[in-house]
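The next block holds one structure in the form of structure tokens; read it before the comments.
Numbered from 1 within each chain, the chains take letters A, B, ... in sequence-line order.
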Amino acid sequence: MSEIRNYTLNFGPQHPAAHGVLRLVLEMDGEIIERADPHIGLLHRATEKLAESKHYIQSLPYMDRLDYVSMMCNEHAYVMTIEKMLGLQVPVRAQYIRVMFDEITRVLNHLMWLGAHALDVGAMTVFLYAFREREDLMDCYEAVSGARLHAAYYRPGGVYRDLPAQMPKFKGASKWHDESEIAALNENRQGSLLDFIEDFTNRFPGYIDEYETLLTDNRIWKQRLVNIGIMSPERALQMGLTGPMLRGSGIAWDLRKKQPYAVYDQLDFDIPIGTNGDSYDRYLVRIEELRQSNRLIRQCVDWLRQNPGPVIAADHKVTPPPRTEMKEGMESLIHHFKLASEGFSLPAGEAYAAVEHPKGEFGIYMVSDGANKPYRMKIRAPGFAHLASLNEMVRGHMLADVVAVIGTQDIVFGEIDR
Amino acid sequence: MSDYYQQLADRVQQRFGTQITATHVAFSELTVELPREQLLDVCSALRDEDDFAFEQLIDLCGVDYLEYGNGRWQGARFAVVYHLLSIKHNHRIRLRTFAEEALPVVDSVITLWNSADWYEREAFDLFGIVFDGHPDLRRILTDYGFIGHPFRKDFPLSGNVEMIYDEEQKRVVYRPVTVEPRTLVPRVIRDDHRYQHAAIEGGE
């Protein structure tokens with residue numbers, strides 16, 4: 001009989017299924033994982049330390065770069081912490097805009113997760129489908145903020161500006177697209193941004209059905225996901241899992257319902273939960289979340305159509321005054337100058353605010369000593385706790401299942417390494 | 001909501017008495033300060049007693065109070081801050097315990113909440129706080145072979161070393177950092193009358 005040895009396998013940091021820069025040291029007995037030791041930090045940028053040297057508004061764009069597939073949700077947690085400490089009232093319209101974009105972001109994130117997860121497990125097509133829809137939503141990002149990914153659209157006190165009355169259109173025929181093709185691309189861009197989003201919400205349930213046709217009853221998909229990476233509810237709580245990872249284990253916990261922020265308490269949506277806590281349940285939970293997000297977006301669109309109003313608080317100690325006022329009023333000019341040069345100060349104290357991020361609970365813990373910069377900012381990233389549970393989830397599974405578990409955890413290194 | 005946390009603060013005060021040193025309620029959040037000797041007792045009670053039922057450790061982080069309020073800080077330099085969440089009662093609590101500068105040691109809560117594993121490694125890595133009882137206290141976020149604890153306030157923002165490719169040795173080497181530190185926006189603390197009330201409420 002030949003000698004049997006355990007192997008140590010180095011997985012990543014440059015592996016297409018490692019979702020970025022994950023280095024996994026796997027101790028294996030044959031093809032069975034005995035221990036997984038994730039080495040993280042290869043994308044560490046010390047965001048929290050950088051924030052300590054910048055005033056509050058300057059740090060906002062860093063939030064986009066944390067979880068770089070759900071940008072506006074990160075910003076939401078950050079501005080909520082500041083608003084909590086300042087006691088700042090946010091106009092209702094701004095809150096609806098935030099909720100609408102939070103949900104658009106959730107769809108963006110889940111589409112990215114769905115595409116990448118399916119690609120990891122071997123289904124190429126879903127990735128292409130998912131990116132088709134992401135394109136439309138990134139156009140919405142671009143229409144409000146000018147950037148397709150790193151929006152920097154939320155501000156303490158509201159959002160940077162109101163929704164555009166005109167959805168940007170594709171222009172100019174080229175040798176790749178003639179006039180009729182351009183006209184077809186612009187067909188649903190004739191009205192405002194809200195018209196475009198409404199058209200999207202009409203189309204999107206059909207798209208989700210398409211993904212489900214490809215995956216939900218797919219035999220290979222089920223063989224790869226069912227009973228893989230099971231988390232019992234007790235262990236899920238112990239390991240600090242949140243979001244779809246916790247709901248997949250059957251715990252109905254969603255901050256949007258349980259500790260409502262913005263206007264979630266006025267909107268109608270359901271929380272899907274799983275029963276077995278395996279990867280397949282988490283897949284089903286996230287698919288249902290896509291449908292619920294679509295519902296939420298639709299409700300916000302209807303409300304936003306009927307209720308014009310301000311989108312940022314008028315407290316010019318914190319929010320910049322309108323540019324027209326700045327050109328005529330001395331006081332507005334001073335306000336702008338002070339905000340741009342020194343920023344505003346937060347009262348001394350500490351606060352923690354969390355949002356239901358697409359991946360779980362994303363929170364910002366802010367310690368202020370009364371200065372115009374944070375004294376200490378801690379980012380509570382959901383993925384950090386999720387990846388910490390990887391060892392437990394993959395133990396006893398095969399090497400190929402590690403990839404499926406990384407996929408089901410929805411790992412993004414921007415937030416884990418920070 | 002603030003009332004609820006005031007009541008919770010009273011309940012915590014009643015239950016633990018002299019085991020904790022202070023409770024504050026600010027911004028509808030409850031903060032409990034406690035000496036580190038009592039940490040494990042209080043934490044296990046908070047987790048297991050039905051009245052509190054904090055099943056989840058949501059976050060754990062270190063704080064370095066060296067430059068707090070431009071030197072107004074009295075007391076121990078380091079703090080470890082725990083954020084707990086109860087799914088059952090839908091409430092949160094924040095615990096803070098202090099550690100002295102010379103050898104910051106705090107008991108590990110990894111046996112109570114397994115999620116503390118990586119959080120404690122992070123606080124060790126970034127602040128040099130040692131967690132007694134942690135089975136595998138390695139660096140987590142910084143580079144292999146990193147020297148120092150970068151989130152301490154006396155660690156420069158631009159770091160101490162930088163990495164370059166050495167033509168002669170044909171490999172990547174470290175050398176002292178050449179970035180000049182600069183401050184674009186100075187840090188100022190203003191006595192703003194609007195915040196006086198909030199500061200008193202915050203108990204700072």
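Of the atoms belonging to A:Glu234, not a single heavy atom falls under 4.5 Å from chain B. Of the atoms belonging to B:Glu67, heavy atoms from both backbone and side chain fall under 4.5 Å from chain A. Both the backbone and the side chain of A:Pro38 come within contact range of chain B, each with at least one heavy atom under 4.5 Å from a heavy atom of that chain. Using a 4.5 Å cut-off between heavy atoms, B:Tyr144 contacts chain A through its side chain alone, with no backbone atom that close. B:Glu55 touches chain A through backbone and side chain together, each having a heavy atom under 4.5 Å away. Both the backbone and the side chain of A:Gln238 come within contact range of chain B, each with at least one heavy atom under 4.5 Å from a heavy atom of that chain. In this structure, the portions of A:Lys258 lying under 4.5 Å from any heavy atom of chain B include both its backbone and its side chain. Interface residue B:Arg152: only backbone heavy atoms are found under 4.5 Å from chain A. Proximity to chain A (any heavy atom under 4.5 Å) is shown, for B:Arg139, by neither the backbone nor the side chain. Neither the backbone nor the side chain of A:Asn391 comes within contact range of chain B; no heavy atom of the residue lies under 4.5 Å from a heavy atom of that chain. In this structure, chain B has a heavy atom under 4.5 Å from the side chain of A:Ala354, while its backbone stays farther away. At a 4.5 Å heavy-atom cutoff, A:Ser389 makes no contact with chain B through either its backbone or its side chain. For A:Ile251, the part lying near chain B is the side chain, with the backbone staying farther off; criterion is any non-hydrogen pair under 4.5 Å.
The side-chain tip of B:Arg94 does not point at the ring of A:Tyr365 from less than 6.0 angstrom away and within 45° of straight on. A cation-pi arrangement is found for B:Lys153 relative to A:Tyr375, the charged atom lying closer than 6.0 Å to the ring centre and inside a 45° cone about the ring normal.
Annotation: A:Tyr56 is not in aromatic contact with A:Tyr78 [ring centroid separation under 6.0 Å not met]. Residues A:His76 and A:Tyr261 bring their aromatic ring centres within 6.0 Å.
Ranked by heavy-atom pairs under 4.5 Å with chain A, the first of B:Leu60, B:Leu85, B:Asp125 is B:Leu85. With respect to chain A, the highest number of heavy-atom pairs below 4.5 Å among B:Leu57, B:Val81, B:Val63, B:Ile58 belongs to B:Ile58. Among the candidates A:Glu392, A:Gln58, A:His39, A:His55, the residue making the largest number of heavy-atom pairs closer than 4.5 Å to chain B is A:His39. Taking chain B as the reference chain and counting heavy-atom pairs below 4.5 Å, the highest number among A:Ile416, A:Leu241, A:Leu387 is found for A:Leu387. Looking only at heavy-atom pairs under 4.5 Å with chain B, the residue among A:Gln259, A:Lys54, A:Arg235, A:Met239 that has the most is A:Gln259. Counting heavy-atom pairs under 4.5 Å between each of B:Ile87, B:Asn70, B:Asp117 and chain A puts B:Ile87 at the top.
Of the possible polar contacts, one joining the A:Lys49 side chain to the B:Phe155 backbone as a donor-acceptor pair under 3.5 Å is found.
Within 6.0 Å of the CD atom in B:Glu49, the count of heavy atoms belonging to other residues, nucleotides or ligands exceeds 12. In the displayed structure, A:Gln89 atom CD is contacted under 6.0 Å by at most 12 heavy atoms of other residues, nucleotides or ligands.
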Problem - Verdict with reasoning, A:Val367 to B:Tyr68, per side-chain contact (heavy atoms from CB on, under 4.5 Å) - result: CA-CA 10 Å; A:Val367 180; B:Tyr68 190 86; 4.0 Å; yes

Practice task
Run the numbers on B:Leu141 and A:Asp417 for side-chain contact (heavy atoms from CB on, under 4.5 Å), then give the verdict.
Solution key: CA-CA 7 Å; B:Leu141 287 177; A:Asp417 288 348; 4.1 Å; yes

For residues 243-250 of chain A, which side-chain N or O atoms pair as donor and acceptor with protein atoms under 3.5 Å away, sequence neighbours left out?
{"unit_1": "A:Arg247", "atom_1": "NE", "unit_2": "A:Glu289", "atom_2": "OE2", "d": "3.0"}
{"unit_1": "A:Arg247", "atom_1": "NH1", "unit_2": "A:Trp253", "atom_2": "O", "d": "3.0"}
{"unit_1": "A:Arg247", "atom_1": "NH1", "unit_2": "A:Asp254", "atom_2": "OD2", "d": "3.4"}
{"unit_1": "A:Arg247", "atom_1": "NH1", "unit_2": "A:Glu356", "atom_2": "OE2", "d": "3.0"}
{"unit_1": "A:Arg247", "atom_1": "NH2", "unit_2": "A:Glu289", "atom_2": "OE2", "d": "2.5"}
{"unit_1": "A:Arg247", "atom_1": "NH2", "unit_2": "A:Glu356", "atom_2": "OE2", "d": "3.4"}
{"unit_1": "A:Ser249", "atom_1": "OG", "unit_2": "A:Met231", "atom_2": "O", "d": "2.9"}

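For the residue pair B:His91 and B:Tyr4, a side-chain donor N or O sits within less than 3.5 Å of a side-chain acceptor on the partner. Inspection of the B:Thr178 and B:Glu162 side chains reveals an N or O donor paired with an N or O acceptor under 3.5 Å.
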